[in-house]
Amino acid sequence: MVRRLEDAVRAAAAAAGVPAVDATAEVPPSADLGDVAFPTAFRMAPRLGRSPRLIAADLARALGELPEVRRVDVAGAGYVNVFVHRGAWLERARSGPDLGAPDGVHIVEHTSINPNKAAHIGHLRNAALGDSFQRILRFLGRRVEIQNYIDDTGVQVADVALGFIRLRGADLAEVERLARQPRFDYVCWDLYTEVSQWLESDPDGPRARREALHGLEYGEEPWSSIGAAISAAICRRHLETMDRMGVRYDLLACEKTILRLELWESAFRLLRDHEAIRLAEEGKNRGCWVMDTDLAQDGQKVIVRSNGTVTYVGKDIAYQMWQLGLLDRAMRARRFHDYPDGSTAWITTDEAGETDAPPFGNAALVHHVIDARQSYPQKIVQESVARVTSDQDRARTRHFTYEMVSLSPATAAALGFGGSSEEGGAIEVSGRKGIGVKADDLLDALTDRAATEVDRRNPDLPEAERTGLARDIAVGALRFLMVRVTKTQIIAFDLDEALAFEGATGPYLQYAAVRAARILERVGRESRPHSPSPPADLDARLDRLSAQEAGLLWTMMREAATVGAAAGQAARAEDPHVLARWAYEGAQRFNNFYHRYQVAGEADGNARELRGFAVEAFLAGHRTALDLLGIPIPERM
RNA sequence: GCGCCAGUAGCUCAGUUGGACAGAGCGGCGGCCUUCUAAGCCGCGGGUCGGGGGUUCGAAUCCUCCCUGGCGCGCCA
């Protein structure tokens with residue numbers, strides 16, 4: 001719609017003697033200034049040698065001819081402000097955003113926690129970002145596959161396996177027994193910090209760790225079985241934790257499978273044949289397969305060590321190439337977890353796969369949700385993909401980068417992570433040091449906090465219902481917390497702030513939705529998921545209201561219709577925060593309306609109808625946005 | 001040394017990709033619950049947008065040089 005106006009402006013500019021001018025539309029700061037604004041006259045002024053105001057007047061005359069235009073103003077030093085025919089505008093907006101044609105499978109890889117300890121707040125940010133992004137892509141019409149990379153043969157699992165054997169004297173049966181505990185991940189959390197300290201202090205540490213890691217990679221006992229038991233049990237725990245906040249997966253992609261099915265060997269042949277890597281015959285990397293690249297500090301990045309083993313980056317290259325369908329190998333999968341709604345989380349396997357497993361991989365595009373510390377290795381991987389394919393293909397594997405979560409000084413101190421000699425900076429979360437807030441602990445604390453409020457406000461509700469409300473509110477608070485700031489901003493996690501449910505918080509967004517739903521109930525309107533059809537003669541009916549009310553109602557309607565555009569912008573920016581801000585601003589606008597105007601109690605039929613419609617339109621957009629952010633809407637609050 | 005990120009109100013952060021007077025939340029002060037839920041609303045106070053220079057009709061936004069903080073730059077993962 002806006003495009004048609006832009007085309008008209010461009011045509012008018014060309015007629016005035018300035019062809020190919022940038023005629024991008026803007027949204028005026030307030031509704032009384034108009035619906036669409038063009039600063040185009042400013043751009044034309046230098047070329048024409050006339051004042052922007054006079055040029056703007058000419059543009060305004062041309063725009064005034066268009067059927068969708070109700071009125072055109074020239075404002076300020078030369079803005080052209082367009083007022084549209086509001087009913088027709090909304091009717092056209094209902095057809096939805098311009099959805100790009102699906103271009104094959106779009107993989108979003110997120111969470112990817114080492115399966116050796118409990119998830120913490122840093123992992124929650126990853127999962128919340130990845131899941132919201134995934135929901136947005138799906139909404140925009142993409143075919144999405146959610147993968148969760150499981151490093152089940154890495155040092156972190158090796159360390160915990162070593163801890164059970166050396167520090168606990170446990171055998172496989174004992175580990176399996178412990179793994180059946182409800183929060184086995186907490187047991188591992190503590191053991192992991194314990195074994196990390198032991199590794200640093202015991203002279204036998206480095207050797208023991210090498211042995212454990214080698215055992216995992218090459219399937220030697222007891223490391224292999226104990227490692228597999230730990231990793232499987234922890235993966236189940238992570239799935240439970242993430243399910244609490246509405247995050248689910250299609251496939252757990254295991255490193256062990258990548259090794260056993262020889263995906264690396266396939267990737268290696270590809271790299272070697274395209275001369276993306278070469279055997280270094282001299283220098284400090286003699287005997288290694290290296291990639292020559294300016295990205296590396298000394299011009300060479302080692303991919304295969306001189307002892308023949310593959311580096312971390314090498315394994316990631318194999319994985320990403322498999323995701324993109326570049327390898328002559330396939331992964332097999334079996335069922336790992338069935339969700340209540342009938343969907344399934346699959347897990348890769350080097351044994352026989354299940355015959356009805358979906359065909360995973362072969363993606364047109366892959367987003368890797370990984371924190372900013374990994375941007376260097378991610379660049380290396382992208383470079384390797386480009387070298388065996390093309391520069392276009394480099395763009396098919398994208399690093400969805402975000403900054404980490406640290407602890408605010410106050411929270412760090414309250415939890416006893418004071419540090420040794422601190423002047424009060426934020427403290428980095430560290431699984432190895434046991435510094436952090438566990439995801440389930442935070443969810444528990446949020447749920448308790450929410451339950452206190454729910455009990456106080458709704459003492460007469462059955463307990464089961466109150467519990468459900470508390471859970472929804474806790475999830476809403478958590479998910480909004482994780483996406484309310486830009487992903488490139490470090491989150492200084494503060495417990496008191498997280499537990500506050502006032503102001504710019506998830507519950508604020510939920511509260512607006514609950515209130516809107518209540519109004520619709522009162523006036524007998526349905527709360528539909530899609531934009532409602534506007535009343536006939538919207539322009540005439542709005543004109544019968546005060547200018548102030550008409551402005552507010554129209555802004556609510558107009559903005560509600562932009563949810564698809566906001567989702568598209570979030571997708572392009574690769575940041576759900578765009579949508580979170582959109583939803584928050586909408587909630588603010590609604591709350592402002594709520595306190596100013598009655599709906600059910602309004603005697604004037606025209607006002608009641610228009611206000612009811614505005615609420616219905618608001619809720620339709622708001623509901624969509626909250627759904628894309630994974631924020632549930634409680635029945636009441 | 002090189003690279004990435006951040007620097008905006010006392011604190012935590014937005015700022016629609018160069019536009020209209022720089023906004024919100026928290027905290028502070030003052031108001032609003034016989035009317036659809038006060039997890040809310042309204043008002044007040046609070047700013048050299050890290051600093052200098054430049055481009056432009058117009059800069060928090062772009063260029064350049066500095067300053068400060070965080071992270072990264074292994075045959076570790």
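Here is the naming used below: chain letters follow the sequence lines, and residue numbers restart at 1 for every chain.
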*Evaluate the ring planes of Y597(A) and F593(A), with Trp represented by its six-membered ring, and classify them as parallel (under 30°), tilted (30 to 60°) or perpendicular (over 60°).*
tilted
*Just say parallel, tilted or perpendicular for the rings of F590(A) and F618(A), cut-offs at 30° and 60°.*
parallel
With rounding to the closest Å, how many angstrom separate the [atom1] atoms on [N] and [M]?
N: rA59(B); M: rG52(B); atom1: P; answer: 15 Å
N: rC26(B); M: rG46(B); atom1: C1'; answer: 14 Å
N: rG50(B); M: rU61(B); atom1: P; answer: 8 Å
N: rG27(B); M: rG45(B); atom1: C1'; answer: 13 Å
N: rA24(B); M: rC65(B); atom1: C1'; answer: 34 Å
N: rA60(B); M: rC21(B); atom1: C1'; answer: 15 Å
N: rU48(B); M: rG58(B); atom1: P; answer: 24 Å
N: rC67(B); M: rG51(B); atom1: C1'; answer: 7 Å

Indicate whether OP1 or OP2 belonging to [N] is found under 4.0 Å from a side-chain N or O atom of [X].
X: Q297(A); N: rG74(B); value: yes
X: R518(A); N: rU37(B); value: yes
X: N114(A); N: rA77(B); value: no
X: R581(A); N: rG15(B); value: yes
X: R43(A); N: rU56(B); value: no
X: Y312(A); N: rA77(B); value: no
X: Y594(A); N: rC33(B); value: no

Check if the side chain of [X] and the base of [N] share a donor-acceptor pair of N or O atoms closer than 3.5 Å.
X: R457(A); N: rA39(B); answer: yes
X: N81(A); N: rA20(B); answer: yes
X: S306(A); N: rC75(B); answer: yes

*Quick one: do R589(A) and E585(A) make a salt bridge, cutoff under 4.0 Å?*
no
*Consider the side chain of V155(A), meaning its heavy atoms from C-beta on, and name the nucleotide among rC75(B), rG15(B), rA77(B) that approaches it most closely.*
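Among rC75(B), rG15(B), rA77(B), the one nearest the side chain of V155(A) is rA77(B).
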*Taking for each residue the nucleotide of RNA chain B with the nearest heavy atom, is it R286(A) or I490(A) whose nucleotide lies nearer the 5' end?*
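Closer to the 5' end of RNA chain B: I490(A).
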*Could you pick out which residue, Y376(A) or G154(A), lies toward the 5' side of RNA chain B when each is mapped onto its nearest nucleotide?*
Y376(A)
Heavy atoms only, 4.0 Å cut-off, all strands: where does [X] land among base, sugar-phosphate and nothing?
X: K284(A); value: base
X: D494(A); value: nothing
X: K301(A); value: sugar-phosphate
X: F501(A); value: base
X: E428(A); value: sugar-phosphate

Mate of [N] where both pairing distances stay under 3.5 Å, Watson-Crick or G-U:
N: rG72(B); answer: rC2(B)
N: rA9(B); answer: none
N: rA22(B); answer: none
N: rG43(B); answer: rC29(B)
N: rC36(B); answer: none
N: rA59(B); answer: none

[X] [atom1] to [N] [atom2], straight-line distance once rounded to whole Å:
X: Y597(A); N: rC42(B); atom1: OH; atom2: P; answer: 12 Å
X: R636(A); N: rU37(B); atom1: CZ; atom2: P; answer: 11 Å
X: E574(A); N: rU17(B); atom1: CD; atom2: P; answer: 17 Å

Just list the side-chain donor-acceptor pairs under 3.5 Å for residues 571-579 of chain A, sequence neighbours left out, or say none.
unit_1: E574(A); atom_1: OE1; unit_2: R398(A); atom_2: NH2; d: 3.4
unit_1: E574(A); atom_1: OE2; unit_2: H367(A); atom_2: NE2; d: 2.7
unit_1: E574(A); atom_1: OE2; unit_2: R398(A); atom_2: NE; d: 2.6
unit_1: E574(A); atom_1: OE2; unit_2: R398(A); atom_2: NH2; d: 3.1
unit_1: D575(A); atom_1: OD1; unit_2: H577(A); atom_2: N; d: 3.0
unit_1: D575(A); atom_1: OD2; unit_2: K487(A); atom_2: N; d: 3.0

_When you measure from the centre of the six-membered ring of Y594(A), is the NZ or CZ of R515(A) closer than 6.0 Å and no more than 45° off the axis?_
yes
*Output the distance between atom CG (L446(A)) and atom CG (L481(A)), rounded to the nearest 0.5 Å.*
8.0 Å
*For D294(A), does the CG atom have more than 12 heavy-atom neighbours from other residues, nucleotides or ligands under 6.0 Å away?*
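Incorrect, the count does not exceed 12.
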*If the glycosidic angle is within 90 degrees of 0 it's syn, otherwise anti, so just tell me which one rU55(B) is.*
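What rU55(B) shows is an anti base, its glycosidic angle lying more than 90° from 0.
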*Syn or anti for rC33(B) (syn when the glycosidic angle lies within 90° of 0)*: syn
